[in-house]
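See structure below.
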Protein chains: 2
Amino acid sequence: MKQRLAAIGTVEALPHRVAAFLSREIESGELNPGTRLPTEQQLSEKFGVSRNVVREAIAQLRADGMIEARQGVGAFVLAPEQRASIRIDGEALKATGNMERLFELRCILEAESAALAAERRRQEHLDAIKAALDRMSGEERWEEGSIDADLLFHREIARATGNNYIHTFISFVCEQIRRSIHYARLTNPLHDLVEVNVGEHVRIYEALVAGDPTAAEAAMRAHIVGAADRVGVKLPASRAAHSTGR
Amino acid sequence: MKQRLAAIGTVEALPHRVAAFLSREIESGELNPGTRLPTEQQLSEKFGVSRNVVREAIAQLRADGMIEARQGVGAFVLAPEQRASIRIDGEALKATGNMERLFELRCILEAESAALAAERRRQEHLDAIKAALDRMSGEERWEEGSIDADLLFHREIARATGNNYIHTFISFVCEQIRRSIHYARLTNPLHDLVEVNVGEHVRIYEALVAGDPTAAEAAMRAHIVGAADRVGVKLPASRAAHSTGR
DNA sequence: CTTATACATATCATCCTACAACTGCGTCGG
DNA sequence: CCGACGCAGTTGTAGGATGATATGTATAAG
């Protein structure tokens, strides 16, 4: 039996499609942890692709920790608890509503990150953050260069926390948001809001210099709510707006 | 019969080794973002493996968002900012200090998560959380079953936020921490602390039922600080301990 | 009958060759 | 000058062949 893989407009590579198919089957519970996958031979026949393609797909899933392959035996589905890594695909962000959720997550992470950074920042961190801020305010319009500087500003703050995980997560989230900005600029004229954006960043920076966690957190929350609004994302009514510190 | 040599210290699979090699080259900056990788042909000669192996290695790196392959052109190193996916390797947690950082991240995420859940939880969420709590307190000792219930408790709270990303992140972080628990139990007798653990969970649950975000956040912070301490992780002196709400 | 050895089989791991699809660039003809 | 075309190089896919490894099964020794 030959199964047709979803062939949406874009020409996604075959291995990716096979991996996505199997991944969905695993996530949805159709393939319980512990069960053995069909052999590569069977899979290649089922999907109508070469074994090479199947192998690449399985290699991906194995790298993601979803399955384990034992030579001479077969490939087995691993329980989520056994997985050694996490991966979040940027593709999934395109679904409606995900942008709001992502901004919400960003708000949580960055607000706390700003507070931690205010406590732990050293001079070198402040210098790096200041440099990004200068690059940002030097630009006339809010475009490629200044957006880079904008994101760098946030990453540098994350770095100042001294926590690599926070830095990694925030870097990732920021990059996802960069894409939405790129998209939003096509429909909205955002240029005249540069001063507002810079002003928000300056307030964050000043709080960091002062070493005031509460002020830094409040400034960051205010900024992210504003930034979300500027790209057309309405944060759900929640504590995200309560930028009153603790 | 001649005994078959047990393959102890099994060699890592070839694709994995190639991927690790290239990955190190990229991370260390020897291969700058934007540069083109050698062709698959050249790489297969360089490493003395088949092109197939090289392809699997590249497929892994591509899945990790490290490189981008364009048909007819070549494979290019992506800047960290351009990566479309995030992956955290469980192996890295073994490094000293990483456990503390992970707990810190967990504290941030879960505290806010609890607050959001207190606002948005529906009856079904409360039921699920209560079920996990009951399963946990039903156990005599803090072992496999009750730890499962413990983590389920936290995942259900994350689910109650209605934000998939939060749920995903917390699920992952929790699973990493489960391992540290398993390890910590080998050296520390933790059993007599069950009541403390359950008590902390009950307070979180009650805050959720009451729909009190501030109390939920405070209870969660207190719990995580306590949990970290019980598995031998000392959270860095920080606002993490200021469970005074906002 | 029990046990151990040898064999057969199934499966993944790797290698190999060939071709298709695509890109970039130079060439050639207008 | 310039556009159409073809060529070489590269990745993507196909399919077979062989090696490595685990598992089951039949066979022979005790």
Side-chain angles (χ1 to χ4, degrees), chain A residues 1-22 26 31 34-78, chain B residues 1-22 26 31 34-78 82 84:
Chain A
M1 170 200 58
K2 207 162 162 178
Q3 187 148 359
R4 187 160 289 280
L5 291 170
I8 328 280
T10 54
V11 273
E12 280 286 356
L14 285 179
H16 186 272
R17 273 195 274 172
V18 173
F21 186 93
L22 293 175
I26 293 174
L31 289 173
T35 59
R36 213 194 70 182
L37 268 67
T39 69
E40 295 176 353
Q41 186 74 262
Q42 291 169 324
L43 287 176
S44 72
E45 287 170 6
K46 176 178 177 184
F47 293 121
V49 300
S50 76
R51 287 200 300 285
N52 250 327
V53 170
V54 172
R55 278 196 63 79
E56 280 192 31
I58 288 181
Q60 274 184 234
L61 296 178
R62 207 169 43 153
D64 287 352
M66 294 181 81
I67 70 177
E68 175 198 30
R70 297 213 304 267
Q71 188 171 228
V73 184
F76 298 84
V77 178
L78 287 178
Chain B
M1 124 191 198
K2 38 194 188 316
Q3 184 177 358
R4 197 165 288 256
L5 288 178
I8 45 173
T10 41
V11 227
E12 285 281 359
L14 258 41
H16 186 273
R17 274 197 278 175
V18 173
F21 187 93
L22 293 176
I26 293 175
L31 289 174
T35 60
R36 212 194 74 181
L37 269 70
T39 69
E40 296 176 352
Q41 189 72 259
Q42 292 170 323
L43 287 175
S44 70
E45 287 169 8
K46 175 178 177 183
F47 293 115
V49 299
S50 77
R51 191 180 150 219
N52 223 317
V53 170
V54 172
R55 279 194 62 78
E56 277 193 35
I58 288 182
Q60 273 184 236
L61 296 179
R62 207 169 42 154
D64 286 352
M66 276 186 175
I67 68 177
E68 174 198 31
R70 295 212 302 267
Q71 185 172 231
V73 186
F76 298 84
V77 178
L78 286 179
Q82 301 174 287

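To find a chain, count down the sequence lines: A is the first, B the second, and so on, and within it residues start at 1.
Between the P atom of D:dG9 and the CZ atom of B:Arg36 lies a distance of 12 Å, rounded to the nearest Å. Distance CD (A:Gln41) to P (D:dA14): 13 Å, rounded to an integer number of Å. Atom CZ in B:Phe76 sits roughly 10 Å away from atom C1' in D:dT10 (whole-Å rounding). Atom CD of A:Glu56 and atom C1' of C:dC12 are 16 Å apart (whole Å). Rounded to an integer number of Å, the gap from A:His16 NE2 to D:dG12 P is 13 Å. Rounded to whole Å, the distance from CD on A:Gln71 to P on C:dT14 is 7 Å. The interatomic distance linking A:Glu40 (CD) with C:dA10 (C1') rounds to 12 Å, in whole Å. If you take CG of B:Leu37 and P of D:dG12, they are 12 Å apart, rounded to a whole angstrom.
Comparing atom distances between the A:Val73 side chain and each of C:dC22, C:dC12, D:dA22 picks out D:dA22 as nearest. Considering only side-chain atoms of B:Pro15, the nucleotide from D:dT11, C:dC12, C:dT14 that sits closest is C:dT14. When the nucleotides D:dT11, D:dT21, C:dT14 are ranked by their closest atom to the side chain of B:Leu14, C:dT14 comes out on top.
Screening B:Leu22, B:Thr39, B:Leu43, B:Leu14 for a side chain to side chain contact (heavy atoms under 4.5 Å, CB included) with B:Val54, the sole residue that qualifies is B:Leu43.
Taking side-chain N and O atoms only, B:Arg55 has no distance below 4.0 Å to OP1 or OP2 of D:dT11. Proximity of A:Arg70 to the phosphate of D:dA20: no side-chain N or O atom is located under 4.0 Å from OP1 or OP2. Proximity of A:Arg17 to the phosphate of D:dG12: no side-chain N or O atom is located under 4.0 Å from OP1 or OP2.
Near DNA chain D, meaning a heavy atom under 4.0 Å from it, residues 42-53 of chain B has B:Arg51 in order of number.
In this view, A:Glu40 and A:Arg55 satisfy the side-chain hydrogen bond (donor to acceptor under 3.5 Å, both in side chains) rule, not counting sequence neighbours. In this view, A:Phe76 satisfies the ring-ring contact (aromatic ring centres under 6.0 Å, His included) rule with no residue, not counting sequence neighbours.
Put simply, CD1 on B:Ile26 and OG1 on B:Thr35 are 7.5 Å apart, with the number rounded to the nearest 0.5 Å.
Between A:Ile67 and A:Leu37, some side-chain heavy-atom pair lies under the 4.5 Å cut-off. Put simply, the side chain of A:Gln60 does not reach to within 4.5 Å of the side chain of A:Glu56, judged on heavy atoms.
The environment of CD in B:Gln41 is sparse: at most 12 heavy-atom neighbours from other residues, nucleotides or ligands sit within 6.0 Å.
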